[in-house]
Amino acid sequence: IMGKAEQMEALLQKRIHIGFNRFLAQHEELENRFILREQLYLAVHDKNPLYQQESASFTELSRYPLILFPATGRPNFVDRILELCHKRHFTPDIVQIVDDPIVGLSLVSAGIGIALAPASIISLVPPAVRYIPFHDEPRAGIDFSCIYRRDDSSPVLHEFLKAIQSFRLQESLKSES
């Protein structure tokens with residue numbers, strides 16, 4: 001699996017036609033295309049008072065030790081969480097920033113703190129951990145995008161980009177109904 005930097009390098013060297021990631025940097029030879037926004041969930045340990053709640057307020061993050069991930073590839077998920085906290089006028093009590101979501105969720109499972117998790121990883125459920133949605137922060141999400149060379153004329157790439165556009169249209173129709 002390639003990280004952001006490796007994907008960008010492979011695209012520029014014409015070794016791949018498309019890459020997928022979050023928080024993709026701008027580059028004059030590359031184009032970013034938004035695919036979807038993943039909802040964020042709060043991962044809490046069964047001893048945490050939030051565990052019994054059906055949903056949580058985003059400002060609850062200010063009351064508990066917070067574990068963030070990943071630590072590399074800035075800008076990243078950590079930067080997005082800090083931005084959301086800043087917009088809510090608080091600074092979280094960050095106890096650990098780790099490189100891997102599994103490590104972060106394991107720390108939640110050990111009762112070290114709470115963590116934020118995008119929808120794509122909530123199928124990973126460590127012992128004693130529950131995911132809770134936010135009821136007051138509809139924009140608390142993480143954008144997932146693709147990146148490709150602006151000058152790539154590959155018919156397969158362009159058909160794939162059409163499929164992404166079709167997917168986005170279907171998703172927008174779902175959210176309107």
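These values consider heavy atoms only, across backbone and side chains, with no hydrogens, waters or symmetry-generated copies. Throughout, residue positions are numbered sequentially from 1 according to the sequence presented.
Nearest heavy atoms, P92 versus L82: CG-CD2, 3.8 Å. Heavy atoms only, all atoms of each residue included: V44 and V108 are closest at C-CG1, 3.8 Å. Nearest heavy-atom pair across F69 and G104 is CD2-CA, 4.1 Å. Across all non-hydrogen atoms, the minimal contact from N21 to G3 is ND2-C, 3.9 Å.
The closest side-chain heavy-atom distance from P133 to Q39 is below 4.5 Å. Residues E31 and D152 form no side-chain contact, since every pair of their non-hydrogen atoms from C-beta on lies 4.5 Å or further apart. Looking at heavy atoms from C-beta onward, D151 lies out of side-chain contact with E29 at the 4.5 angstrom threshold. Here the side chains of S145 and R33 are not in contact, with every heavy-atom distance at 4.5 Å or above. Contact check for P118 versus F77: side-chain heavy atoms found under the 4.5 Å cut-off. Side-chain contact check for Y64 versus N48: some heavy-atom pair is nearer than 4.5 Å.
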Practice prompt. Tell me, with the steps shown, if Q26 and N32 meet side chain to side chain contact (heavy atoms under 4.5 Å, CB included).
Written response: CA-CA 8 Å; Q26 298 296 318; N32 291 346; 3.1 Å; yes

Practice prompt. Check the pair F58, L84 against side chain to side chain contact (heavy atoms under 4.5 Å, CB included), reporting the backbone distance first and the verdict last.
Written response: CA-CA 9 Å; F58 195 81; L84 289 167; 3.6 Å; yes

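Through direct or relayed side-chain contacts under 4.5 Å between Ile, Leu, Val, Met, Phe, Trp and Tyr, F20 connects to I18, I35, L36, F144, Y148, L157, F160, L161, I164, F167.
Counting non-hydrogen atoms of other residues, nucleotides and ligands closer than 6.0 Å to CD of E83 gives a total above 12. More than 12 heavy atoms of other residues, nucleotides or ligands lie within 6.0 Å of CD in Q13, so this atom counts as buried by the packing criterion. Summarising the local packing, NE2 of H158 is surrounded by more than 12 heavy atoms from other residues, nucleotides or ligands at distances under 6.0 Å.
Within the 3.5 Å criterion, the main-chain N or O of I16 finds a donor-acceptor partner in the side chain of R149. Remark: the backbone N or O of S120 is paired with a side-chain donor or acceptor of E38 at under 3.5 angstrom. When atom types are taken as modelled, the side chain of S55 and the backbone of F134 share no donor-acceptor pair closer than 3.5 angstrom. R80 places a side-chain N or O within 3.5 Å of a backbone atom of G141 that can act as its donor or acceptor partner. For the pair R37 (side chain) and D143 (backbone), a donor-acceptor distance under 3.5 Å is absent. A donor-acceptor pair is defined here as one N or O able to donate and one able to accept, closer than 3.5 Å; such a pair exists between the side chain of H45 and the backbone of S109. Using a distance-only test at 3.5 Å, with no hydrogens or angles considered, a donor-acceptor pair links the side chain of R130 to the main chain of Q53.
The distance from atom CD1 of I132 to atom CD of Q52, rounded to the nearest 0.5 Å, is 8.5 Å. To the nearest 0.5 Å, the span separating CD1 on I81 from CD1 on I97 amounts to 11.0 Å. Residue L30 holds its CG atom at 4.5 Å from CG of L12, rounded to the nearest 0.5 Å. Remark: R88 CZ to L61 CG distance equals 10.0 Å, nearest 0.5 Å. A distance of 9.0 Å separates OG in S153 from NE2 in H17, rounded to the nearest 0.5 Å. One distance of note links CD1 of I67 with CG of L107; it measures 4.5 Å at 0.5 Å rounding.
S106 is linked by a side-chain contact (heavy atoms from CB on, under 4.5 Å) to I102, counting only residues two or more places apart in sequence or in another chain. Partners of S57 under the side-chain contact (heavy atoms from CB on, under 4.5 Å) rule, at least two apart in sequence or in another chain, are T59, E60, H135, D136. The side chain to side chain donor-acceptor pair (under 3.5 Å) search around E28 returns none, not counting sequence neighbours. Considering only residues two or more places apart in sequence or on other chains, A117 meets the side-chain contact (heavy atoms from CB on, under 4.5 Å) condition with I121, I122, Y131. With sequence neighbours excluded, the residues that form a side-chain contact (heavy atoms from CB on, under 4.5 Å) with E6 are M2.
L40 and F34 are assigned to two separate hydrophobic clusters, defined by single-linkage of ILVMFWY side chains at heavy-atom distances under 4.5 Å.
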